[in-house]
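Some notes on the structure that comes next.
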2 protein chains.
Amino acid sequence: MSSPSKERRDRLLLAAQRAMAEHGTAVRLNQVADEAGLTSGAILYHYPDLQDLLVDATRAVSERFYEERVRAIEGIEDPATRLIRTIESGVPLDNEDVGVKLLCALGGAAPRHTIYAILLTSLYDRQVSLYQSILETGSALSVFTLKSPSLDIARNLVSLEDAYGYRIMAGHPTLSYGSAVELILEYARLATAHKLIYKSSKEKS
Amino acid sequence: MSSPSKERRDRLLLAAQRAMAEHGTAVRLNQVADEAGLTSGAILYHYPDLQDLLVDATRAVSERFYEERVRAIEGIEDPATRLIRTIESGVPLDNEDVGVKLLCALGGAAPRHTIYAILLTSLYDRQVSLYQSILETGSALSVFTLKSPSLDIARNLVSLEDAYGYRIMAGHPTLSYGSAVELILEYARLATAHKLIYKSSKEKS
DNA sequence: AAGAAGATTGAATCGTAATTCAGAAATAAT
DNA sequence: ATTATTTCTGAATTACGATTCAATCTTCTT
């Protein structure tokens with residue numbers, strides 16, 4: 001039993017992620033099974049405790065989310081462009097995003113479930129570090145003139161992303177991907193004293 | 001049946017709020033009954049559909065939260081003080097805050113439950129209006145020099161509060177009430193070009 | 001204080017989901 | 001191809017929560 005092959009494991013994690021995005025952290029075993037196209041017994045065969053599967057699924061989402069952001073800026077030299085691209089990669093395009101939907105559910109569960117609190121806090125801190133290193137580099141190259149400590153700016157940037165993510169997932173009528181990015185950029189401009197001219201990366205490429 | 005007296009109604013709403021704070025929006029009827037010190041039948045007698053009770057409980061929390069913020073600044077003239085006090089009133093003191101715990105749970109459920117999305121979006125917008133009117137007044141009196149449209153600043157302020165609320169509720173090891181308020185104030189200073197000297201309202205009075 | 005209306009209980013019932021497991025199906029090994 | 005191993009199903013069992021309701025307790029009315 002246990003330790004399913006990499007392939008099957010991924011299939012289960014995918015199913016658990018979709019099920020959690022749809023039903024929250026109180027998702028039922030049957031709902032995960034449905035999503036996987038299997039019966040509940042099959043899930044239990046690999047994960048005798050559903051919670052373990054949910055936590056693994058959650059860790060995978062968190063990891064993927066972070067990795068995608070790192071990938072979005074790899075190869076880019078200019079700190080201003082790096083900052084803009086990072087902001088863009090932190091906001092969900094619409095309220096269909098499965099990963100962000102799941103992360104929202106985690107946020108709601110974190111006050112009640114330590115494990116989710118730890119995972120989310122860790123994701124937050126890693127994103128803060130990502131921003132901080134961009135800010136520090138830009139500052140060192142005299143591209144940015146930081147108006148607050150880099151840690152503070154980084155925390156505020158990640159916080160803004162998070163909050164606008166929630167707004168977008170809740171379907172706010174006048175807050176779209178574009179306006180959220182623009183709002184965060186407005187803060188970034190104040191905090192870095194850089195114009196950060198935003199040429200949406202979504203219209204070309 | 002139905003339409004319980006104001007007193008009993010409040011007792012039920014309180015119980016539902018506590019239960020939701022503890023168990024999320026997927027709270028069980030029995031858990032609400034336990035919190036109320038009643039049996040499930042008694043709850044059903046007043047609210048044949050649990051969802052109705054949960055929504056009413058949610059609306060009450062949202063209302064109370066907003067009203068408290070309004071009350072926190074009533075009588076204060078100076079726009080800078082009003083702004084500071086408003087920021088202070090938007091951040092939970094610690095991760096025990098039942099109201100904010102509930103609001104977090106709502107945020108997690110909003111992508112899946114329209115009714116909660118509507119309630120939360122409405123709360124967000126009302127808070128934005130609150131900030132906006134403070135900013136506009138301060139601007140009109142030449143106390144603030146707004147570096148972005150007041151709507152944008154207001155949205156960012158509420159967003160920061162929200163996000164730090166989540167962090168605090170998740171027990172972030174280095175983000176406390178005080179540091180969150182300071183981080184939001186740092187943005188507010190940049191956006192208003194006002195020093196906003198923060199004399200914590202918690203140490204006196 | 002008697003009676004009526006309102007509120008609550010506790011037991012019975014129903015429904016749904018979790019769990020178990022013998023055996024079938026698929027896959028891998030020889 | 002045969003055997004062994006892994007994976008999965010479907011049915012049976014068990015557990016739990018929702019729902020119903022007759023009986024009881026409370027509270028109000030007069």
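Computed from heavy atoms alone, side chains included, the values below leave out hydrogens, waters and symmetry copies.
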**Request:** Grab the OH-P distance between B:Y47 and C:dA7 for me, whole Å please.
**Result:** 13 Å
**Prompt:** Over how many whole Å does the gap from B:R8 atom CZ to C:dA5 atom C1' extend?
**Reply:** 13 Å
**Message:** If we count only N and O atoms by modelled type, under 3.5 Å, do the side chains of A:D94 and A:Y177 hold a donor and an acceptor together?
**Reply:** no
**Donor-acceptor side-chain pairing of B:Y124 and B:S159 below 3.5 angstrom** = yes
**Request:** Measure the distance from CD on A:Q51 to C1' on C:dT19 and round it to the nearest whole Å.
**Result:** 16 Å
**Asked** CG of A:L53 versus C1' of C:dA18: gap in Å, rounded?
**Response** 15 Å
**Prompt:** With a 3.5 Å cut-off and no angle check, do the side chains of A:D56 and A:Y47 form a donor-acceptor pair?
**Reply:** yes
**Test log, rule salt bridge (charged side-chain N to carboxylate O under 4.0 Å, His left out), inputs B:R85 and B:E88** = CA-CA 5 Å; B:R85 289 286 181 278; B:E88 287 182 305; 3.2 Å; yes
**Asked** Does any donor atom in the side chain of A:R167 or A:T174 lie under 3.5 Å from an acceptor atom in the other side chain?
**Response** no
Name every donor-acceptor pair, under 3.5 Å, that has one atom in a side chain of residues 59-69 of chain A and the other anywhere in the protein, sequence neighbours excluded.
unit_1 : atom_1 : unit_2 : atom_2 : d
A:E63  : OE1    : A:R126 : NH2    : 3.0
A:R64  : NH2    : A:Q17  : OE1    : 2.6
A:R69  : NE     : A:S89  : OG     : 3.2
A:R69  : NH1    : A:Q127 : OE1    : 2.5
A:R69  : NH1    : A:E161 : OE1    : 2.8
A:R69  : NH2    : A:T86  : O      : 2.6
A:R69  : NH2    : A:Y131 : OH     : 3.3
A:R69  : NH2    : A:E161 : OE1    : 3.3
A:R69  : NH2    : A:E161 : OE2    : 2.6

**Item:** Under the salt bridge (charged side-chain N to carboxylate O under 4.0 Å, His left out) test, residues paired with A:R189 that sit two or more places apart
**Value:** A:E182
**Asked** Looking at residues 28-42 of chain B, who's got a heavy atom less than 4.0 Å off DNA chain D?
**Response** B:R28, B:L29, B:N30, B:S40
**Prompt:** Using Watson-Crick and G-U wobble pairs with both distances under 3.5 Å, what is the 5'-to-3' dot-bracket string of DNA chain C, with [ ] for crossing pairs and | for pairs outside the strand?
**Reply:** ||||||||||||||||||||||||||||||
**Message:** Among residues at least two apart in sequence or on other chains, which ones pass salt bridge (charged side-chain N to carboxylate O under 4.0 Å, His left out) with A:E35?
**Reply:** A:R18
**Message:** Counting only side-chain nitrogens and oxygens, does B:Y45 get under 4.0 Å of the OP1 or OP2 atom of C:dT8?
**Reply:** no
**Asked** Considering residues at least two apart in sequence or located in another chain, which fulfil the ring pair (Phe, Tyr, Trp, His ring centres under 6.0 Å) criterion with A:Y164?
**Response** none
**Prompt:** Separation of A:L44 atom CG from D:dA12 atom P, in whole Å?
**Reply:** 19 Å
**Message:** For C:dT8 and B:H46 - does any side-chain N or O of the residue sit under 4.0 Å from the phosphate oxygens OP1/OP2?
**Reply:** yes
**Contact under 4.0 Å: A:R11 side-chain N or O vs D:dC8 OP1/OP2** = yes
